[in-house]
Amino acid sequence: MSDPSAIIAAIVIAAGGAVSNTDLPPEVKAPVTDTVAAIEEAAPALDRQVGDVLATLPAPVQQFAQQGIDDAAQKLSGVIPPGPLTPPLPAADTSPRADSSPAGPEPSAIGDVAPGPVDADGSVGSNWASTNSTDTVFAAPTSSVLPRLTFAPGNTFATFVPWLTKAGKLCDGITAPTLAALYSVENGFRYGPSAPVSPVGAKGPGQFMDGTWRTYGKDADGDGTADILGVADSVMASGHFLCDLYTQIDAWKQRGRVRGDTLDLAIAGYNAGAGAVLASGGMPSGSPDYENQTKPYVAKIRAAEDYFARLLSPFGGSVLSEVGARAVESAMNFLGLPYVWGGGNIHGPSHGGFDCSGLTSYAVYTATAGKVTLPRTSETQWNIGVERPLSEAMPGDLLFGNWGPNGPGHVAIYVGNGQMIHAPTTGDVVRIADIFPEMKVRRIV
């Protein structure tokens, strides 16, 4: 039987995308956003209501009614992203118990962790949260209807992109899509003071317990605070944590102490603790917590990796030149910053934000280490570089649109896959959106 939520999800994704990527006035956006949230909240109840109604129909009629739902869901399935829409993990009152496994390894010299004692076999361990049950990372259930990626207030996926990309380069074993899939499962990309806290007290988008945060929580974005509720500090902490797990588990595999896929086991360690992996000789098993939470947690993350690889591909693909990649990354650091007319220059935002040409001026200047300084307006920036066909646009190229008698009235930075990052207009923020019709390309660097 098809899930009626599939139809709801398609509607919500379409409506949410419209809110995110169009210049609707605030008085239109606000009620749409509220309606989208209400629809998502009501979807499970609607599933039950549909089932109840079908059950009251005569059997032959039930068959035709259900077929209608199935046909509609099938036609809409192409717009529903795979992976994160799978059923949620079972709710749990407690995280996996570390007392069912030996004490976790000691600190190592990996990442930001200070060197520590050596294991009895001569190996060096790492200080993970698995040393006791209150210091494990909790896998929070996620929505069964759709992942809140691009439109829910305070939960914008694009805010995570530059940090997922950065954390995905910390070590060879951990990638940005893996981290994105993990954050989708952990807390649905919810962050800030309103982000839900797990039943055992795990906090923030990475669902860290306090003990784990004391080890891995660092001030990654230079704002003077290691913020467990923030995006940058949490994502970088997760990257270091997973890299430590990956390195230790790979060493255990080399010595024959555990078996299995190293990344699978590292993700399991993020949820259940490294001690649980070592005690089981691989994937944690036997305990109901491991069977009902840890194993589905790993499977769900691995299943979502391909989806997030496609979602992230414009920002980290091999097609980016080194300078183009830096231009895109520089601009993305300001996703969500308000548009301010006349705002921004080669040194960064001013008066609280950027306008379109202020953002491009900063991104190009930063990407070229100060070697290229653009003129200040979109009209004058059009005269720099070489025009290229839109079909040949590369990430980091400038896109010009809103043409008038004096030239382009808008400029943006191409990020790939038909998308750009730009500062749109008064009342909006720096965002990623589809490129405008009739845009033209200039290759500046």
Side-chain angles (χ1 to χ4, degrees), residues 13-24 29 33 36 79 81 84 146-166 168 176-177 179-180 183-184 189 191 231-232 235 307-317 319-320 324-340 343-344 349 353-364 366-367 378 390 393-402 410-437 439 441:
I13 289 170
V19 171
S20 293
N21 296 315
T22 58
D23 294 328
L24 296 173
K29 282 189 177 183
T33 300
V36 164
V79 301
L146 88 158
R148 294 175 175 266
L149 295 183
T150 58
F151 58 90
N155 305 314
T156 307
F157 174 66
T159 305
F160 286 80
V161 169
W163 296 103
L164 292 169
T165 302
K166 186 173 183 178
L179 285 161
Y183 267 60
S184 175
F189 300 103
Y191 66 95
V231 174
V235 173
Y307 166 64
F308 284 104
R310 293 194 299 274
L311 200 63
L312 290 164
S313 61
F315 315 107
V319 296
L320 274 70
R326 287 200 298 267
V328 172
E329 185 174 357
S330 295
M332 286 177 58
N333 286 332
F334 294 97
L335 285 166
L337 191 73
Y339 174 96
V340 174
F354 280 110
D355 66 7
C356 64
S357 54
L359 180 65
T360 53
S361 293
Y362 172 79
V364 170
T366 303
S378 56
L390 185 58
M394 297 285 288
D397 288 347
L398 297 190
L399 301 171
F400 294 85
N402 292 355
H410 191 62
V411 61
I413 302 169
Y414 188 61
V415 299
N417 288 1
Q419 293 188 307
M420 63 183 178
I421 182 169
H422 68 146
T425 188
T426 302
D428 210 328
V429 298
V430 175
R431 65 169 65 247
I432 293 165
D434 292 340
I435 63 174
F436 299 159
M439 285 193 117
V441 179

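If you're wondering where the values come from, they're calculated on a predicted model, not measured in any experiment. We number each residue from 1, following the sequence as shown.
- Annotation: side chain of Asp355 is not in contact with side chain of Val340 (no heavy-atom distance under 4.5 Å).
- Nearest heavy-atom pair across Trp163 and Ala232 is CE2-CB, 3.3 Å.
- Of all heavy-atom pairs between Ala412 and His422, the closest is CB-CB, 3.5 Å.
- Here NE2 of His410 is found 9.0 Å from OG1 of Thr360. Values are rounded to the nearest 0.5 Å.
- The line from CZ of Arg431 to CE of Met332 is 14.0 Å long, rounded to the nearest 0.5 Å.
- Remark: Tyr339 engages no residue in a ring pair (Phe, Tyr, Trp, His ring centres under 6.0 Å) (not counting sequence neighbours).
- Taking 4.5 Å as the limit, every side-chain heavy atom of Leu337 sits out of range of all side-chain heavy atoms of Leu359.
- The minimum heavy-atom distance between Tyr414 and Gln419, with the atom names listed, is CD1-O, 3.2 Å.
- The minimum heavy-atom distance between Ala331 and Val430, with the atom names listed, is O-CG1, 4.3 Å.
- Heavy-atom minimum distance, Ile413 versus Val328: CG2-CG2, 4.3 Å.
- Expressed to the nearest 0.5 Å, how far CG of Leu164 lies from CZ of Phe308 amounts to 9.0 Å.
- In terms of modelled atom types and a separation under 3.5 Å, the side chain of Ser330 and the main chain of Arg326 share a donor-acceptor contact.
- Here the side chains of Val441 and Leu399 are in contact, with some heavy-atom distance below 4.5 Å.
- Classification of the Tyr191-Phe160 ring pair by plane angle, with boundaries at 30° and 60°, yields perpendicular.
- Taking CZ of Phe354 as the start and OH of Tyr362 as the end, the distance is 6.5 Å to the nearest 0.5 Å.
- Shortest non-hydrogen contact noted between Ala423 and Cys356 is O-CB, 3.6 Å.
- Using modelled atom types, no side-chain atom of Asp428 and backbone atom of Thr425 make a donor-acceptor pair closer than 3.5 Å.
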